[in-house]
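In what follows, chains are A, B, ... by sequence order, proteins preceding strands, each numbered from 1. Only heavy atoms go into these numbers, but all of them, side chains included; no hydrogens, no water, no symmetry mates.
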There are 2 protein chains.
Amino acid sequence: MSDRISVRDVAAAAGVSVGSVSRVLNASGYASADLRQRVLDAVERLGYEPDFTARHLRTGHSRTISYLLPNIANPFLAAHLSEVERLTQQAGYSLLVGSSERPARDRELVAFFENRRLEGIIASPSYEYPDKAECPFTRTSLPTVVVDRDLGDAFDSVLVDHFNGLRQAMEYLLALGHRRVALFVSGDNLRPGREKLRGYRAALAAAGLPYDPALVYMPGSWLESSRHRMAEMLQLDQPPTALIALGTQLLSGAVHVVREQGLEIPRDMSVIGPGTMETLELMYPPLTALRYNFQSSARSTVQLMLERIAAATPPAPRRVMVAWDLVVGASCARAY
Amino acid sequence: MSDRISVRDVAAAAGVSVGSVSRVLNASGYASADLRQRVLDAVERLGYEPDFTARHLRTGHSRTISYLLPNIANPFLAAHLSEVERLTQQAGYSLLVGSSERPARDRELVAFFENRRLEGIIASPSYEYPDKAECPFTRTSLPTVVVDRDLGDAFDSVLVDHFNGLRQAMEYLLALGHRRVALFVSGDNLRPGREKLRGYRAALAAAGLPYDPALVYMPGSWLESSRHRMAEMLQLDQPPTALIALGTQLLSGAVHVVREQGLEIPRDMSVIGPGTMETLELMYPPLTALRYNFQSSARSTVQLMLERIAAATPPAPRRVMVAWDLVVGASCARAY
DNA sequence: TTGTATGCGTTATCAT
DNA sequence: ATGATAACGCATACAA
């Protein structure tokens, strides 16, 4: 059963040496047409396929890259991961997934990736290492492409333009006459949250409106109660007339409370949410949503990685910006 | 830079032979306390870590398993994958993901996994190979655990109990007085769809009600229009008064049309949907949903796999059933 | 143009 | 108890 055929078997069957077999298969060095044909025949006949591990040990190429991310179950990340997997496979690489929600695990995984001689790391860690000396990705020599995180400009980065996405959404709401907009976005400890807040505030400032922290909810970690915060906001003297909630859970919790209080969307509350496939149609009226192109983002990610792997000398770090689009549904109305 | 330290370096530093280093590190064979200590010190001092690839080549253990699935972006699959990844990592294994939506790609991936000497395959393919001779998983000698597919009883399987899930949901609706229930589930070409249909029909039969194909929508592949089908159903002489839609897209499309026609949930249409995190709260009134435990399902999957890998002689195939729970929300009402 | 021999970094099988 | 050495399966420098 464990009679795997090796180069030796092929060589014997073809009546040539192992070196010749290898040379033919890798198109390295010379080989006469005759010898070449005999080898190819034998390979075909025996169904030989070079052992990946042995080749890896010899050449140093593992043809495998890894994707380190906080949580595969997050719809945004899953969509991106899915595309990345497709493209890496297409390029002849395998994709190893590693999920990590804390720095210690980041370090473990990076050490693990190095030990396995992976060829690159796509990193979207759950911590941004303000102290660069502690950043596991700075310390590794593996080609790294950072996805939507601020890890300094030593890395190739694919960044989502949260800033302008939020500005766009806010300008849309402000144009509808809204002056008090609630903002529900994930963690201010990571780039996506920070940039969204920046965009939100920039739009307010540009319109000459004050920034009110009481209208902002940015849970640092998972599963805090967005229901509770929305309930609080509705109790304010001047409650929000619009809501931007960019996360399925954040949105669902907030919207639940809004409706529970007998408020109607969009009449009493305008809503902008995340543009993942599901949410777009699940709500009624159809959600006005911020959406970005996973496919193009994944394409950039993989392309940067492959270029960096192939490069003889490491290229200067590049950064790619991915834009959000505002897809107008029917969940926003003019402020009364 | 590429000055990786090897056993030889450690051996030299400790003043012992490479064999001794290996023996100490693998706790195989004898080693005096003194030698043992010297080796451990040297390892510590040099920061040595055995190269995974070389070890793999020598021992045959790749400590890697793969998960073959149709589509990572599917929320159900992503949730399951996420748990499986966590558990495999925890057990010291890496997880390679491979997505495939057609038999030819299944075969490619299996060949690829064999070539890389992975230790096992978790398979949830997009085709069930009625002709077993064509099934790539039958032909491979790699330990295989099948997830929610009917690939015959030669494999360990973790199966979701769609049959009883649907029976449960139907009994609930029938008890509320509904007699015409629309069913929107994915493909009848795979076990999940087939079993759901069986459960649906069993419940109807038990209640002495006729089965009407005009109320059933089971798209074979993605993205057909559930909106269109729902619109048709609402035109029937006797339109459905309840809907079971088990898929985020199926649900959102159908519900969209229902509301568009001015029907109210649950007054004019009772709805039961899929119990993924997002959907549960996103709808208003809160969705009554069928839900199953990803974690327990993932735990079974990984456990079966690890046992099979560890077993000296392959155990008889086992099958684990995972139950659905009906989580009652407020999207169902008594039939008028 | 082709064959031989060495090494990749381990582990495991021998002697000692 | 420990050390020398072969072997895992391949690629390649070198000899022929």
Exercise for the section: Would you indicate which nucleotide in C:dG9, D:dC10, C:dG3 comes nearest to any side-chain atom of B:Asp51? Expected result: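 Side chain of B:Asp51 sits closest to C:dG9.
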How would you list all residue pairs meeting ring-ring contact (aromatic ring centres under 6.0 Å, His included) that involve [range], not counting sequence neighbours?
range                       : result
residues 29-63 of chain A   : none
residues 83-114 of chain B  : none
residues 116-146 of chain B : B:Tyr127-B:Tyr129

Exercise for the section: Would you mind building the protein contact string for nucleotides 11-16 of chain C? One character per nucleotide, 5' to 3', B for base within reach (heavy atoms under 4.0 Å), S for sugar-phosphate only, - for untouched. Expected result: BB----
Handout entry: Ion pair A:Asp34/A:Arg38, N-O distance below 4.0 Å
Key =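 Between A:Arg38 and A:Asp34 there is a salt bridge, with a charged N closer than 4.0 Å to a carboxylate O.
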Handout entry: Residues in side-chain contact (heavy atoms from CB on, under 4.5 Å) contact with A:Ala154, at least two apart in sequence or another chain
Key =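 With sequence neighbours excluded, A:Ala154 shows a side-chain contact (heavy atoms from CB on, under 4.5 Å) to no residue whatsoever.
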Problem - B:Arg86: side-chain contact (heavy atoms from CB on, under 4.5 Å) partners, not counting sequence neighbours - result: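 For B:Arg86, the residues satisfying side-chain contact (heavy atoms from CB on, under 4.5 Å) (neighbours in sequence not counted) are B:Glu83, B:Gln90.
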Handout entry: Below 4.0 Å: OP1/OP2 of C:dG9 and any side-chain N or O of B:Ser6
Key =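 No, no such contact exists.
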Quickly work out the [X] [atom1] to [N] [atom2] distance and round it to whole Å.
X        : N      : atom1 : atom2 : answer
A:Tyr30  : D:dC14 : OH    : P     : 16 Å
B:His61  : C:dT10 : NE2   : C1'   : 13 Å
A:Glu49  : D:dC10 : CD    : P     : 10 Å
A:Arg116 : C:dT10 : CZ    : C1'   : 15 Å
A:Arg4   : D:dC10 : CZ    : P     : 7 Å
A:Arg117 : C:dT10 : CZ    : P     : 8 Å
B:Leu57  : D:dA7  : CG    : P     : 14 Å

Exercise for the section: Using the test salt bridge (charged side-chain N to carboxylate O under 4.0 Å, His left out), find all partners of B:Arg319 that sit at least two apart in sequence or belong to another chain. Expected result: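 Partners of B:Arg319 under the salt bridge (charged side-chain N to carboxylate O under 4.0 Å, His left out) test: none.
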Handout entry: Qualifying salt bridge (Lys or Arg N to Asp or Glu O under 4.0 Å) pairs with a residue from residues 126-143 of chain A, counting only residues at least two apart or across chains
Key =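 Passing the test, one end in residues 126-143 of chain A: A:Glu128-A:Arg194.
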Problem - Terminal axes of the helix from C:dT1-D:dA16 to C:dT16-D:dA1 (five pairs each): angle between them, nearest 10 degrees - result: 50°
Exercise for the section: Please confirm whether the backbone N or O of B:Pro314 pairs with a side-chain atom of B:Arg308, one donor and one acceptor, at under 3.5 Å? Expected result: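 Side chain of B:Arg308 to backbone of B:Pro314: no pair is present.
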Problem - DNA chain D contacts among residues 32-47 of chain A, heavy-atom distance under 4.0 Å - result: none
Problem - All side-chain hydrogen bond (donor to acceptor under 3.5 Å, both in side chains) counterparts of A:Thr140, not counting sequence neighbours - result: A:Glu114
Practice task
Only counting residues at least two apart or in another chain, list the ones meeting side-chain hydrogen bond (donor to acceptor under 3.5 Å, both in side chains) with A:Ser186.
Solution key: none
